[in-house]
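One structure is given below, encoded as structure tokens.
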Amino acid sequence: MSFFQKIAYRSRLSRPISVAPMVDITTPQFLELLHIISGQERFTYYTEMHHCQAILHHSSHLERFVGAPRSNVVVQLGGCEPIAMAQAARTLQDHGYSHININNGCPSLNVQHGQFGAVLMKEPQRVAEILLAIERAGVTVPVSVKCRIGVDDCDNSEFLHNYVNTLMSAKALPHLIVHARKCILKGLSPKQNRSIPPLNYERVYELKKQMSNLPISINGGLTTVDQIESMLMKVDGCMIGRKSNI
């Protein structure tokens, strides 16, 4: 029995578990395999992060590039230009994709050089402008955000709350996914940023208490079914990456 099947069997909750986006891992082929082995629409699956320009460039064959549009597949989008992000989001919607996620959590150097991913947490107003541009483009499918609890020295509850409040001032979020570690943009690799900065689940719990009407999922270091079931008493969902069985 897969990790996800065990969670579903024991919790009997409706799609509180999602599979994190991972470059070169959550490919269209791998997502199709997950649908086969883990209960089809029982869980939510995230694609690899695709830059908005790549979506526009591959618009003639998106299903081959991104994967089949399904009700439980979220296309993760990267970029920093509001108009291009809006065009990509509208293209995805027009091709039948039913949920889009904006990545504000990736710390890789290539992503930093493109001025998107985690570095955008330092520019919440720009993220708010992206959300507004997407809405003005006529996108009506849910557009969620994935972030960290902090970036570099911006590492306290006030920073996280201000970031989320800025986004919410532009548009109500249908869902926020929070990786419960800050990231360090200079000096740590993406792999190190998944293990060296300490986990701080309490900061995510505190955010949920402060914003009880905002659906929040937690990500980072989740390895057991019991741990996940305990967390689902405090937040609305859990995101799992790099853990296939237990």
Side-chain angles (χ1 to χ4, degrees), residues 18-32 34-35 44-148 151 163 166-167 170-177 179 183 185 190 239 241:
S18 54
V19 179
M22 294 175 280
V23 174
D24 295 330
I25 299 295
T26 52
T27 61
Q29 296 80 10
F30 182 65
L31 292 182
E32 190 66 26
L34 288 181
H35 281 289
T44 301
Y45 304 111
Y46 283 64
T47 71
E48 302 170 281
M49 178 172 58
H50 298 288
H51 192 274
C52 57
Q53 294 294 351
I55 294 296
L56 297 174
H57 178 74
H58 293 279
S59 60
S60 64
H61 51 275
L62 272 182
E63 186 164 333
R64 189 165 72 248
F65 181 63
V66 176
R70 298 177 186 270
S71 63
N72 64 327
V73 170
V74 180
V75 180
Q76 191 172 86
L77 197 58
C80 65
E81 295 297 329
I83 299 303
M85 289 287 280
Q87 291 172 337
R90 181 57 191 260
T91 297
L92 288 166
Q93 175 178 279
D94 290 348
H95 282 76
Y97 296 93
S98 59
H99 192 140
I100 296 164
N101 178 260
I102 297 175
N103 184 301
N104 279 188
C106 180
S108 82
L109 286 177
N110 287 338
V111 167
Q112 289 183 54
H113 291 158
Q115 293 299 304
F116 62 103
V119 72
L120 278 180
M121 286 196 72
K122 295 184 176 182
E123 296 186 72
Q125 189 57 46
R126 182 186 287 266
V127 184
E129 291 169 4
I130 289 170
L131 292 170
L132 281 174
I134 289 173
E135 182 178 44
R136 289 168 181 159
V139 175
T140 57
V141 300
V143 179
S144 59
V145 173
K146 184 176 185 289
C147 67
R148 296 272 185 147
V151 182
Y163 161 83
T166 301
L167 271 54
K171 180 174 172 51
L173 292 175
H175 189 195
L176 180 72
I177 304 96
H179 189 153
C183 67
L185 297 177
M239 175 175 276

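We use all heavy atoms of the structure for the numbers below, so side chains are in, but hydrogens, waters and symmetry mates are not.
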Going by ring-ring contact (aromatic ring centres under 6.0 Å, His included), name the residues that satisfy it together with F116, two or more places apart in sequence or in a different chain. H51
Residue pair [X] / [Y], side-chain heavy-atom distance below 4.5 Å:
{"X": "V151", "Y": "V119", "result": "no"}
{"X": "H50", "Y": "F65", "result": "yes"}
{"X": "V74", "Y": "T44", "result": "yes"}
{"X": "Q115", "Y": "R126", "result": "no"}
{"X": "N103", "Y": "V111", "result": "no"}
{"X": "E48", "Y": "T27", "result": "yes"}

Looking at [X] and [Y], what are the two nearest heavy atoms and their distance?
{"X": "V145", "Y": "N104", "result": "CG1-OD1, 4.1 Å"}
{"X": "S98", "Y": "P142", "result": "O-CD, 3.2 Å"}
{"X": "L185", "Y": "L109", "result": "O-CD2, 4.5 Å"}
{"X": "L176", "Y": "C147", "result": "CD1-SG, 4.0 Å"}

So Y46 and M239, side-chain contact (heavy atoms from CB on, under 4.5 Å) or not? Walk me through it. CA-CA 10 Å; Y46 283 64; M239 175 175 276; 3.6 Å; yes
Tell me, with the steps shown, if E129 and L132 meet side-chain contact (heavy atoms from CB on, under 4.5 Å). CA-CA 5 Å; E129 291 169 4; L132 281 174; 5.6 Å; no
Atom pair [atom1]/[atom2] of [X] and [Y] - distance to nearest 0.5 Å:
{"X": "H57", "Y": "L62", "atom1": "NE2", "atom2": "CG", "answer": "11.0 Å"}
{"X": "I100", "Y": "Q76", "atom1": "CD1", "atom2": "CD", "answer": "11.5 Å"}
{"X": "R148", "Y": "M121", "atom1": "CZ", "atom2": "CE", "answer": "9.5 Å"}

Under the 3.5 angstrom rule, does the side chain of S144 hit a backbone N or O of L173 as a donor-acceptor pair? no
Quick one: sort the H175 and H99 rings into parallel, tilted or perpendicular, breaks at 30° and 60°. perpendicular
Partner set under side-chain hydrogen bond (donor to acceptor under 3.5 Å, both in side chains) for Y97, not counting sequence neighbours: none
Apply side-chain hydrogen bond (donor to acceptor under 3.5 Å, both in side chains) to K122 and list each qualifying residue two or more places apart in sequence or on a separate chain. D152
Identify all side-chain donor-acceptor contacts of residues 79-96 below 3.5 Å with residues at least two apart in sequence or on another chain.
residue : atom : partner : partner atom : Å
R90     : NE   : D94     : OD1          : 2.9
R90     : NE   : D94     : OD2          : 3.3
R90     : NH1  : A137    : O            : 2.7
T91     : OG1  : Q87     : O            : 2.8
Q93     : OE1  : T140    : N            : 2.6
Q93     : OE1  : T140    : OG1          : 3.3
Q93     : OE1  : V141    : N            : 3.2
Q93     : NE2  : G138    : O            : 3.2
H95     : ND1  : T91     : O            : 2.8
H95     : NE2  : S59     : O            : 3.0

Once salt bridge (charged side-chain N to carboxylate O under 4.0 Å, His left out) is applied, do any residues pair with E135, and if so which ones, sequence neighbours excluded? K171
If a pair satisfies salt bridge (Lys or Arg N to Asp or Glu O under 4.0 Å) and one of its residues is in residues 56-65, list it, with sequence neighbours excluded. none
side-chain contact (heavy atoms from CB on, under 4.5 Å) with L77: which of I130, I55, V143? I55
